[in-house]
Asks: 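The structure follows.
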Amino acid sequence: MPTAGQGLRELVATVAPGDYTAGLTLVRLEGSAMTYALQGSTGTWEVVVGLEVHAQVISNAKLFSGAATAFGAEPNSQVSFVDAGFPGMLPVINRECVAQAVRTGLGLNAHINPVSRFDRKNYFYADLPSGYQISQYEHPIVGTGVVEIELSDGSVKQVGVTRLHLEQDAGKSIHDQHPTKSLIDLNRAGVALMEIVSEPDIRSPEEAGAYLRKLRSILRYLGTCDGNMEEGSMRADVNVSVRKHGEPYRTRCEVKNVNSVRFVMQAIEAEAMRQIEVWESGGTVMQETRLFDSGRGVTRPMRSKEDAHDYRYFPDPDLLPLVLEENWIAQLKATLPELPDAKKARFIQSYGLTPYDASVLVAEKATAEFYETVAKGRDPKIAANWVTGDFFAALNRTGRSIEDSPVTAQQLGGLLDLIADSTINGKIAKDVFESMVETGKDAAAIVDERGLRQVTDTGAIDAAVDRILAANADKVAEYRSGKDKLFGFFVGQTMKAMAGKGNPALINETLKRRLAG
Ligand code: MN
């Protein structure tokens, strides 16, 4: 069992047996809200994480050639001579890719560098036919920025962005199609990537997950990257080190090409655990590049870490420095959409939503638009409850996305109108909604077809109440002698007698009156 070291206040969670070495435990540090630390045999360790995210730019053509970029095309069908590294071919920069990088920089509240430069990063690999990647080394297009993340305890943290630079993607090596040969698909070679590098400000898997989700949300709002990690259009390299509280940074390792938010979070914990064991057993963590084995939940070495000088960076002589005009940047800025943070603030302010509901609703642009359509002219809190509650549950259950939702925002709004004007009560509305999900029909049509209109006819309610009271004379007597709790029984029975369609307020009122005397 772990021992509570100095400064420990509360044990947050114990690592599941078998997952990691016994004795390593997640703890909460005294005096800080959500500090994550790992308990080793020599005390608690802080985890330090920086993320390098490669985000594929949404553009019709590649960064330096006119070849197409669509995902899933026939292998080697979208390759120009430039992408194939033919001698003498000259790269020509794609203005739209530059605009996308600038939009992203603006969306990250970052400094846009009016002058940047492309360099050659030299290395040999079969899927890199030119023998170098055109990238930006000393002079990236975007400088320092910031991403604000929200944590599960409601706190907000700023994660610094060091830089964003533009570079070419490499092709794809395919090793499992032929017994003795590797195949190469150059469709991806030359596609524009934005490499977004964070400061080492992240201190837990949760923060890393929140950062990646927020970054993906911003990129998708901007329309600069689709954020699809399964298709590889967003990949993360995870830099992890550990240290005792208050120490300078220790040596970090880079876990390469992790392709889901969940795997990034798992990789951080696994790599931090490994490093703590190395330090605590008297060893030294060596700087290296590692891979995350998601099946086994461990990282393993890939190669010893290369340094910048190994790549022999030099300015690409085929390309002029990239000079951006101030008014072009201003034009791009003027056409940016409302981004998640601003939208969240507006949802809290103008709809009176809780910060949590607002965060959930703004995470995806499509969800935010759906919500605003439902809320328009209706009670915004009721609309939020339906969208985040029954509607999200229905999407989950049916495996549909909001784009191909079985119920449109107008249809959900129509259902809320029927509740608001007392055509149906809230309980019947849940049934109607389920029918809407199944059939795709409007709420009003289902209510009419199934005769679900709420009964507000006081004569019918009086009659139902009379029958129930007559059939339960014993309980009426008990109620009148002080057993108040029976009131709910009478409501339930009356509602049942009216097939769930009675107006709850009128039933309550009638029962109170009749039971009183
Ligand atoms: Mn890179």
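All ligand and atom numbering here is 1-based and tracks the order in the structure. Worth knowing before you read on, the calculation uses all heavy atoms, side chains too, and leaves out hydrogens, waters and symmetry mates.
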Asks: In Å, rounded to the nearest 0.5 Å, how long is the span from CD of Glu96 to CG of Asn60?
Replies: 8.0 Å

Asks: Filter on ring pair (Phe, Tyr, Trp, His ring centres under 6.0 Å), then keep only pairs touching residues 158-182, sequence neighbours left out; what's left?
Replies: none

Asks: With sequence neighbours excluded, give me every ring pair (Phe, Tyr, Trp, His ring centres under 6.0 Å) pair touching residues 133-160.
Replies: Tyr137-Tyr313

Asks: Return the orientation label for the Phe118 and Phe64 ring planes: parallel under 30°, perpendicular over 60°, tilted otherwise.
Replies: perpendicular

Asks: Taking the Mn ion (ligand 1) as the centre, how many protein N/O/S atoms fall inside a distance shorter than 2.8 Å?
Replies: 3

Asks: For Thr224, enumerate each residue passing the side-chain hydrogen bond (donor to acceptor under 3.5 Å, both in side chains) test, keeping only those at least two apart in sequence or located in another chain.
Replies: Thr104

Asks: Tell me if a side-chain donor or acceptor on Ser233 pairs with a main-chain N or O of Asn228 at a distance below 3.5 Å.
Replies: yes

